[in-house]
Number of protein chains: 2
Amino acid sequence: MLQPGPPKFQRRKDDRPGEIVAAALAVFSEKGFAGAKLDEIARRAGVSKGALYLYFETKEELFHAVVKSAIAPNIAMVRQRLESFPGPFGGLLELFLPTIAGVMATSAVAPIGKMVIGEGRNFPELARYWHDELVAPMIGLVSGMIAAAQARGEVRAGDPRLYAAQIMAPFLMAVLWRETFVPVGAEPFDINQLAAQHLGVLKAGMLTGASS
Amino acid sequence: MLQPGPPKFQRRKDDRPGEIVAAALAVFSEKGFAGAKLDEIARRAGVSKGALYLYFETKEELFHAVVKSAIAPNIAMVRQRLESFPGPFGGLLELFLPTIAGVMATSAVAPIGKMVIGEGRNFPELARYWHDELVAPMIGLVSGMIAAAQARGEVRAGDPRLYAAQIMAPFLMAVLWRETFVPVGAEPFDINQLAAQHLGVLKAGMLTGASS
DNA sequence: CTTTAATAACTGACCAGTCAGTTATTAAAT
DNA sequence: ATTTAATAACTGACTGGTCAGTTATTAAAG
């Protein structure tokens, strides 16, 4: 018993939170909040369950950390890309729709969003956080750009907030479809193809002749 | 203690299943599958928990019964209303969108659908059932009508299935919004107003000049 | 009297959260 | 350099509570 062998664990205080959040993201995405077991999150993060509680006080606080980590990188990118666009509304749509399609197809927004929808009733603070930090700003941003375009005569009369919902809705549907029905055999939607066709409908359906 | 008083319970074998399913629908809608407690379902149905097991073998079978009860009345009604419509596609949209809006606003499709989305990963048979019995037929029905309208030259070129998704998506979004974000203070969408504006965009964005 | 719908107390599994003890790491003392 | 003391990251067995499902018993109904 003189050979030291591999150490049972390392002390890596700085790295643990990120690793735990990443493992939690994966498990929450697969199982939802209630279905996610802390033992499994700990196992995937390579620590014991007890270690989770050194960094997060409760399961719900861990859930919060996951949601925040999924939101932060994306919201800022989209906002900045939209606000810096100088051209007419038709061109903005041509930029915006593929951007949204890309975020939906690749980021953690989709599975975490589904989780919020599924468990929001049981964890209202989560739904509130998701709404206040991600959804409402995004709807507000798009609504504002539509209202401005209407003032320039580029977009037809109509409620800007409803227009914003119409623009976003097919992407929400495609993501939920992928998360919910594709695993049980449904044919997926090609999100980029959807974005292209949606762009066609919106340009013909929303724009006046005054836009390019 | 000789007074008989009211009986402790009645034996109503024929009525129990419907009452239990109704109570289960309410509790599942509020809490989701994992969050719904059988004790609460039994209490609301006016029976003991043991009585549930006289009519349903497991919680999941009860969930199945709830899903079926929410689907059956609606799918048939919508299908029949659509298939009996004789006019051009523009007129069909004028009929279809308010119909969908009504179903979404009033029926149990919305909360149960949200439940399926939220818990589908953990209960794949449920997601499969919902897809096969409700969603796929509806998408197929709408897609077929779009393809027929394209053959008549009334609708522009494009994938009929994607068009169907574009038509349905805002209603899905409005319902999820109501279920998820309105309870935490978000401004609701007026689903009828959304239907009206959506109709305008679709008519201008999908139809050719050949339709009325 | 027999049948069976219905009850209510019960069981066993599961799991979030706890805590007493262990081990890696750092640093002070020799 | 080497030993020793102090610190804190980490572990894993444990607990208290919850809940789906079971069963012994009661009572309604013919």
Side-chain angles (χ1 to χ4, degrees), chain A residues 1-24 27-28 30-66 115 119 122-123 125-126, chain B residues 1-28 30-66 115 119 122-123 125-126:
Chain A
M1 292 306 239
L2 295 178
Q3 297 301 329
K8 285 200 169 178
F9 57 87
Q10 284 105 41
R11 299 173 47 171
R12 298 188 294 112
K13 182 180 174 145
D14 294 345
D15 297 336
R16 295 296 192 211
E19 295 170 357
I20 291 169
V21 168
V27 178
F28 281 138
E30 290 171 23
K31 307 289 174 61
F33 183 80
K37 310 306 168 200
L38 290 184
D39 279 307
E40 184 174 2
I41 293 172
R43 187 174 53 72
R44 291 206 205 180
V47 297
S48 69
K49 185 164 72 161
L52 299 184
Y53 287 88
L54 299 174
Y55 300 100
F56 303 94
E57 294 209 343
T58 64
K59 188 183 186 183
E60 202 167 338
E61 195 195 291
L62 181 55
F63 195 39
H64 271 86
V66 168
M115 178 169 58
E119 320 250 16
N122 299 88
F123 302 94
E125 329 75 56
L126 253 293
Chain B
M1 293 308 239
L2 294 178
Q3 297 301 331
K8 284 199 170 177
F9 56 87
Q10 283 106 40
R11 302 169 60 168
R12 297 188 294 112
K13 182 177 177 159
D14 294 344
D15 297 337
R16 296 294 192 210
E19 294 170 359
I20 291 168
V21 168
L25 167 61
V27 178
F28 281 137
E30 289 171 24
K31 307 288 175 61
F33 183 79
K37 310 306 169 199
L38 290 183
D39 279 309
E40 182 173 3
I41 294 173
R43 186 173 51 72
R44 291 206 207 180
V47 297
S48 69
K49 184 165 72 160
L52 299 183
Y53 286 87
L54 299 173
Y55 300 100
F56 303 94
E57 294 207 343
T58 63
K59 187 184 186 182
E60 203 167 339
E61 195 195 291
L62 183 55
F63 196 39
H64 271 88
V66 167
M115 177 170 57
E119 320 249 16
N122 299 85
F123 302 94
E125 328 76 58
L126 253 293

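Note that the coordinates shown come from a computational prediction; the quantities given were computed from them, not determined experimentally.
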*In whole Å, what is the span from the CG atom of B:D39 to the C1' atom of D:dT22?*
14 Å
*Applying a 3.5 Å limit to both distances, which nucleotide forms a Watson-Crick or G-U wobble pair with C:dT23?*
D:dA8
*asked:* For a side chain to side chain contact (heavy atoms under 4.5 Å, CB included) check, start with the C-alpha distance between B:F56 and B:V21, then their side-chain angles and the critical distance, and finish with the verdict.
replied: CA-CA 10 Å; B:F56 303 94; B:V21 168; 3.7 Å; yes
_Under 4.0 Å, counting only non-hydrogen atoms across every strand here, what does B:A34 touch: a base, just sugar-phosphate, or nothing?_
nothing
_Looking at the base of C:dA16, is there any donor atom on it, or on the side chain of A:K37, that sits under 3.5 Å from an acceptor on the other one?_
no
*Mind checking whether B:F28 and B:K59 have side chains closer than 4.5 Å, heavy atoms only?*
yes
*Side-chain donor/acceptor of A:K49 to base of D:dG12, under 3.5 Å*: no
*Less than 4.5 Å apart, any side-chain heavy atom of A:R44 and any of A:V27?*
yes
*Please give, in whole Å, the distance from C:dC15 C1' to A:K59 NZ?*
8 Å
*Can you tell me how far CG of A:D15 sits from CD1 of A:I20, rounded to the nearest 0.5 angstrom?*
10.5 Å
*Among C:dG17, C:dT25, C:dA5, the one nearest B:L54 by side-chain distance*: C:dA5
*If you check every side-chain atom of B:A51, which of C:dT25, D:dA20, C:dT7 has the closest atom?*
C:dT7
_Rounded to whole Å, how long is the line connecting atom CG of A:L52 with atom C1' of D:dG12?_
13 Å
*Grab the CG-C1' distance between A:D15 and C:dA24 for me, whole Å please.*
15 Å
*Measure the distance from CD1 on B:I41 to P on D:dA20 and round it to the nearest whole Å.*
8 Å
_Under 4.0 Å from OP1 or OP2 of C:dA6: is there any side-chain N or O of B:R16 that close?_
yes
_Residue closer to the 5' end of DNA chain D, B:Q10 versus B:F33 (nearest nucleotide)_ = B:F33
*Provide, to the nearest angstrom, the distance between the CD atom belonging to A:E19 and the P atom belonging to D:dA9.*
15 Å
*asked:* Tell me the interatomic distance from A:L38, atom CG, to C:dC14, atom P, rounded to whole angstroms.
replied: 16 Å
*Could you tell me whether B:A42 contacts a base, only the sugar-phosphate backbone, or nothing, with contacts defined as non-hydrogen atoms closer than 4.0 Å?*
nothing
*When all nucleic acid strands are considered with a 4.0 Å heavy-atom cut-off, which category describes B:Y55: base, sugar-phosphate, or nothing?*
sugar-phosphate
*asked:* Measuring only between side-chain heavy atoms, which start at C-beta, is A:R16 closer than 4.5 Å to A:V47?
replied: yes
*So which nucleotide from C:dG17, D:dG21, C:dA8 ends up closest to the side chain of B:S48?*
C:dA8
*First locate atom CZ of A:F123, then atom NE2 of A:H64, and finally report the distance between them rounded to the nearest 0.5 Å.*
10.5 Å
*Rounded to the nearest Å, what distance is computed from the CD1 atom of residue A:I20 to the C1' atom of nucleotide D:dA9?*
11 Å
*Quick one: is A:Y53 getting a side-chain N or O under 4.0 Å of the D:dT11 phosphate, OP1 or OP2?*
no
*Is there a side-chain polar atom (N or O) of A:R12 under 4.0 Å from OP1 or OP2 of C:dT25?*
no
